[in-house]
Amino acid sequence: MTVTRREAPSFSAMTAGKATFGLIGAAAMISAGNTIVRENQVEDPAIAIANGLGEALAGQLSVPVKLANGTLDASDAAGIRKQYPDGGLVLDVQTVNWSFVYFPTDWNNYRVIYSVKMRLVDTRSGKLLAEGFCARVPENTDDAPSYDQLVDNGAEGLKQRLKQSGEQCQQELKTQVLGLS
C-alpha cells in the first residue's frame, strides 16, 4: 500500500482588520497565514492522519506500507491510478482547509478550522474503495483562544488545536469510513 503526499494548501489567518478589505484582505489573510505556518514549522495534519490510517489499514490487511515519492497532483481515482500504476492500494489524505478565524460576535477570540478528505484506491482495478470527509469547526467557548494564544511560543496554540483536530478526524475516518476498530 502506498500513502500519498500532497502539497499543503494555503493557510488563512483571518483577523477582523484584514476582513474589512475584501479581496485585498483575503490575499493578506493567506499571506499572513502562510507566513505563520512557514516561520513556525506548522505541520499539515494530513501527514499524521495519512500515516496513522496507513498503519492501521496495513495492519488490518497485513500488507507493507510505503510513502510515495513526490507529491500527488491527481484529483480522481483515474489520476491516482495513472500516477501510481504499481501502487496496489493507494491511500490519499488531503487537507482541504486549514485556517483560523475570529468569531463573528467575538473579535478577540478565534476558532481553528480544519477539514480533510481521504480516498482509498485500488490502482489495479481503478476502483475507489473508500472515500470520506471530516471537518472540525469549533463553536465559541470560554476557552476559545486569542490571536496571541494561537501564535505565541512558535504558534504552539495553533499547533495543538490542529493536532487535536487531526487526531479526531483520523479516528472518525478510521472507524466510520474504513470500518477499522
Shortest non-hydrogen contact between [X] and [Y], atoms and distance:
X    : Y    : value
E139 : R111 : CA-NH1, 4.4 Å
S146 : Y110 : C-CD1, 3.9 Å
S10  : I30  : CB-CG2, 3.6 Å
I36  : A13  : CD1-CB, 4.1 Å
G132 : V177 : CA-CG2, 3.8 Å
L150 : P145 : CD2-CG, 3.7 Å

So, T4 and D92: side-chain donor and acceptor under 3.5 Å apart, yes or no?
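Yes, side-chain donor-acceptor contact under 3.5 Å.
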
Scan side-chain atoms only and decide if N97 and S115 contain a donor-acceptor pair under the 3.5 Å cut-off.
no

[X] (side chain) donor-acceptor with [Y] (main chain) under 3.5 angstrom:
X    : Y    : result
D44  : I47  : no
T123 : G126 : no
D122 : K127 : no
Q60  : L57  : no

With a 4.5 Å cut-off on side-chain heavy atoms, are [Y] and [X] touching?
X    : Y    : value
K66  : V3   : no
Y102 : Y147 : no
R6   : T95  : no
V96  : F133 : yes
I113 : R136 : no
E131 : L128 : yes
C169 : I49  : yes
V65  : E55  : no

Interatomic distance, [X] atom [atom1] to [Y] atom [atom2] [nearest 0.5 angstrom]:
X    : Y    : atom1 : atom2 : answer
R81  : D76  : CZ    : CG    : 12.0 Å
E7   : Q94  : CD    : CD    : 11.0 Å
S12  : M29  : OG    : CE    : 6.0 Å
R119 : L91  : CZ    : CG    : 10.5 Å
N140 : F103 : CG    : CZ    : 4.0 Å
K174 : S181 : NZ    : OG    : 6.5 Å

Can you tell which of L173, L129, L120 makes a side chain to side chain contact (heavy atoms under 4.5 Å, CB included) with L178?
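So the option named by the test is L120.
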
Would you say the ring centroid of W98 lies under 6.0 angstrom from that of Y114?
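No, the ring of W98 stays outside the 6.0 Å limit from the ring of Y114, centre to centre.
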
Residue set satisfying side-chain hydrogen bond (donor to acceptor under 3.5 Å, both in side chains) with R5, at least two apart, ordered chain then number -> N51

Worked verdict on L89 versus L61 for side chain to side chain contact (heavy atoms under 4.5 Å, CB included):
CA-CA 11 Å; L89 293 177; L61 300 174; 3.6 Å; yes

Report the C-alpha separation of V90 and M1 in whole Å, then their side-chain angles, then the decisive distance to 0.1 Å, and conclude whether the side chain to side chain contact (heavy atoms under 4.5 Å, CB included) test is met.
CA-CA 6 Å; V90 174; M1 177 172 53; over 6 Å; no

Going by atom type alone, with no hydrogens or angles, which donor-acceptor pairs under 3.5 Å involve a side-chain atom of residues 157-167 and a protein atom two or more places apart or on another chain?
from : atom 1 : to   : atom 2 : distance (Å)
K159 : NZ     : N40  : O      : 2.8
K159 : NZ     : G154 : O      : 3.2
R161 : NH2    : D143 : O      : 3.2
S165 : OG     : R161 : O      : 3.2

